[in-house]
Number of protein chains: 2
Amino acid sequence: MSNISKEDYLRVIYKGLEESRMVNPTLVAEHLNISNAAVTDMLKKLTKEKYVSYTPYKGIQLLEKGKMEAIKLVRRHRIWETFLFKVIGLPWYKIDQEAENLEHSSSDELIDRLEVILNYPEFDPHGHPIPRKDGRIPKQKKCISLDRLGIGKVSAIQKVNDHSEELLMFLYKSGLVINKKLKVTEKREFDNSIVVLVDNKELVLSEKISKNIFVEDMR
Amino acid sequence: MSNISKEDYLRVIYKGLEESRMVNPTLVAEHLNISNAAVTDMLKKLTKEKYVSYTPYKGIQLLEKGKMEAIKLVRRHRIWETFLFKVIGLPWYKIDQEAENLEHSSSDELIDRLEVILNYPEFDPHGHPIPRKDGRIPKQKKCISLDRLGIGKVSAIQKVNDHSEELLMFLYKSGLVINKKLKVTEKREFDNSIVVLVDNKELVLSEKISKNIFVEDMR
DNA sequence: AGATTAATTTAAGTTAACTTAAACATTTTT
DNA sequence: AAAAATGTTTAAGTTAACTTAAATTAATCT
């Protein structure tokens, strides 16, 4: 029984829920680049095997079993990302894709070794928490997405969404990396774009971009 | 179109030929743990697509296209093995299995990075040559299998076959690793077992074992 | 509330990579 | 050279993971 695809579904569902979105079949289909019908099929299987619960139009929920599986995969993924970045030296915007390939084909033993070599990292290079072996998840500072940061406010980037290589490349080239401090200098009502000050340079960010950047919420 | 299984077939064929064996469907089936019928099927496809040529009962040959593919995969495999051993620190007898998982899911870019980090290694930890990016294969010292080394002779281990984890574990625990010097002190005609001196200890090796160890042929 | 739009499921079919069992072909043994 | 053993192929069927197109259901809009 192949196990790869099931894991992929669970990871997508997990990451969707992590971003506190409602996860429906369409969303999953888009992320995996497959048809809705395929998702319906798999959802039936995952439901029967108690990985998820699902009510049409209400979204997909992870059950204990599915959550565990997903967390395990996310752990693999993020440990690989960190390793690829810190030890192998792959670029920030390429590690997600590469880790996605590797995450399915590494033994627990290997993952644990990588974790030791990296000295038990808590967050991956895009700022996402790396689940520990026991399933616990490192606590992150309270975050809000950049589009909700008030004008004049200063904060530091805590994490970025990593599902588009193009977006990551843009962020990287703009210096918008983890822990970078920035200040919102302007907000444009008509298209919700904002202007931020980073490294003493002004940057205009569309709403689509700013929604994918998360900064510390200091209140 | 999935590419994984085709690659596996090619690798097995390549490695078989490398050991100058005749490679027939049965051998491939055994190595991949599948039925002969499945191999027949795939062989048809590989023949049609000009990866191999094949005459029943005469063995399988690699054509140019198939050889290139196979060499590419072997390169990936052996670079991963070397990396897992030298950088990650996995045990000598576990790296083959782990590399087999990883070899299918790494980009060329990643493999090339690993090669740089390892400073362009020529041989993997089991003594097999690592094909370069251009397909050329490092020359090895002339070898013979240990069972053919004359009594009283001294030589050094150049490579070992790596298809059984159990064998590798035994070799490792017996100190029979790459470059280790040994001397044949006795040969037993009735079962073709031999006695060798390694690190000043006597070891009895069955024919099955000695045929999987290759030492420098100094003549 | 009915119409429109969006989300979901069903139905039927495809593809890749297998399986087992039986048939067939070639080598090897006696 | 016939018998036995080994190797190979065929035939029919299975499974997982998809696809497209049509049908159905729910949510949203006016």
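Scope of the values below: all heavy atoms of this structure, side chains included, with no hydrogens, waters or symmetry mates. So that the names make sense, note that chain A is the first sequence line, chain B the second, and so on, each numbered from 1. The structure presented is a predicted model; accordingly, all values stated were derived computationally and were not measured.
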Donor-acceptor pairs under 3.5 angstrom involving side-chain atoms of residues 136-144 of chain A: please list them, not counting sequence neighbours.
unit_1, atom_1, unit_2, atom_2, d
A:Q140, NE2, A:G127, O, 2.5

Nearest whole Å is fine: how far is [N] [atom2] from [X] [atom1]?
X     : N      : atom1 : atom2 : value
B:N36 : D:dA5  : CG    : P     : 18 Å
B:I34 : C:dT19 : CD1   : P     : 6 Å
B:K6  : C:dA17 : NZ    : C1'   : 13 Å
B:L46 : C:dA16 : CG    : P     : 13 Å
A:D41 : C:dA11 : CG    : P     : 12 Å
A:M42 : D:dA16 : CE    : P     : 10 Å
B:N33 : C:dA17 : CG    : P     : 17 Å
B:D8  : C:dA16 : CG    : C1'   : 14 Å

ask   = Is B:D191 reaching over with its side chain to a backbone N or O of B:S193, donor-acceptor style, under 3.5 angstrom?
value = yes
query = So, A:S20 side chain and A:L17 main chain: donor-acceptor pair closer than 3.5 Å or not?
reply = no
Full working for side-chain hydrogen bond (donor to acceptor under 3.5 Å, both in side chains) between A:E98 and B:S107 = CA-CA 7 Å; A:E98 195 80 41; B:S107 66; 2.6 Å; yes
I want to check one thing: is the phosphate of [N], taken as OP1 and OP2, less than 4.0 Å away from some side-chain N or O of [X]?
X     : N      : value
A:T26 : C:dA6  : no
B:K44 : D:dT10 : yes
A:S35 : D:dC18 : no
A:K45 : D:dA17 : yes

ask   = When you match B:L43 and A:Y9 each to their closest nucleotide on DNA chain D, which lands nearer the 5' end?
value = B:L43
ask   = Hey, are the side chains of B:L118 and B:F85 touching, using non-hydrogen atoms and a 4.5 Å cut-off?
value = no
query = Per the salt bridge (Lys or Arg N to Asp or Glu O under 4.0 Å) rule, which among B:E115, B:E122, B:E18 passes with B:R78?
reply = B:E18
message = Give the residues of residues 10-19 of chain A touching DNA chain D, defined as any heavy atom closer than 4.0 Å, sorted by residue number.
response = none
request  = For side chain to side chain contact (heavy atoms under 4.5 Å, CB included), just list the numbers for A:H126 and A:W92, CA-CA rounded to whole Å, side-chain angles, deciding distance to a tenth of an Å, and then say yes or no.
outcome  = CA-CA 8 Å; A:H126 304 130; A:W92 198 58; 3.5 Å; yes
query = Please walk me through it: do A:D8 and A:H104 pass side-chain hydrogen bond (donor to acceptor under 3.5 Å, both in side chains)?
reply = CA-CA 9 Å; A:D8 282 316; A:H104 297 296; 3.0 Å; yes
query = B:N24 near the nucleic acid: base, sugar-phosphate alone, or nothing, with a heavy-atom cut-off under 4.0 Å?
reply = sugar-phosphate
query = Just one of B:H31, B:H77, B:E103, B:E69 clears the side-chain hydrogen bond (donor to acceptor under 3.5 Å, both in side chains) bar with B:R11, so which one?
reply = B:E103
ask   = Do any of residues 53-62 of chain A sit with a heavy atom less than 4.0 Å from DNA chain C, and if so which?
value = A:Y54, A:P56, A:Y57
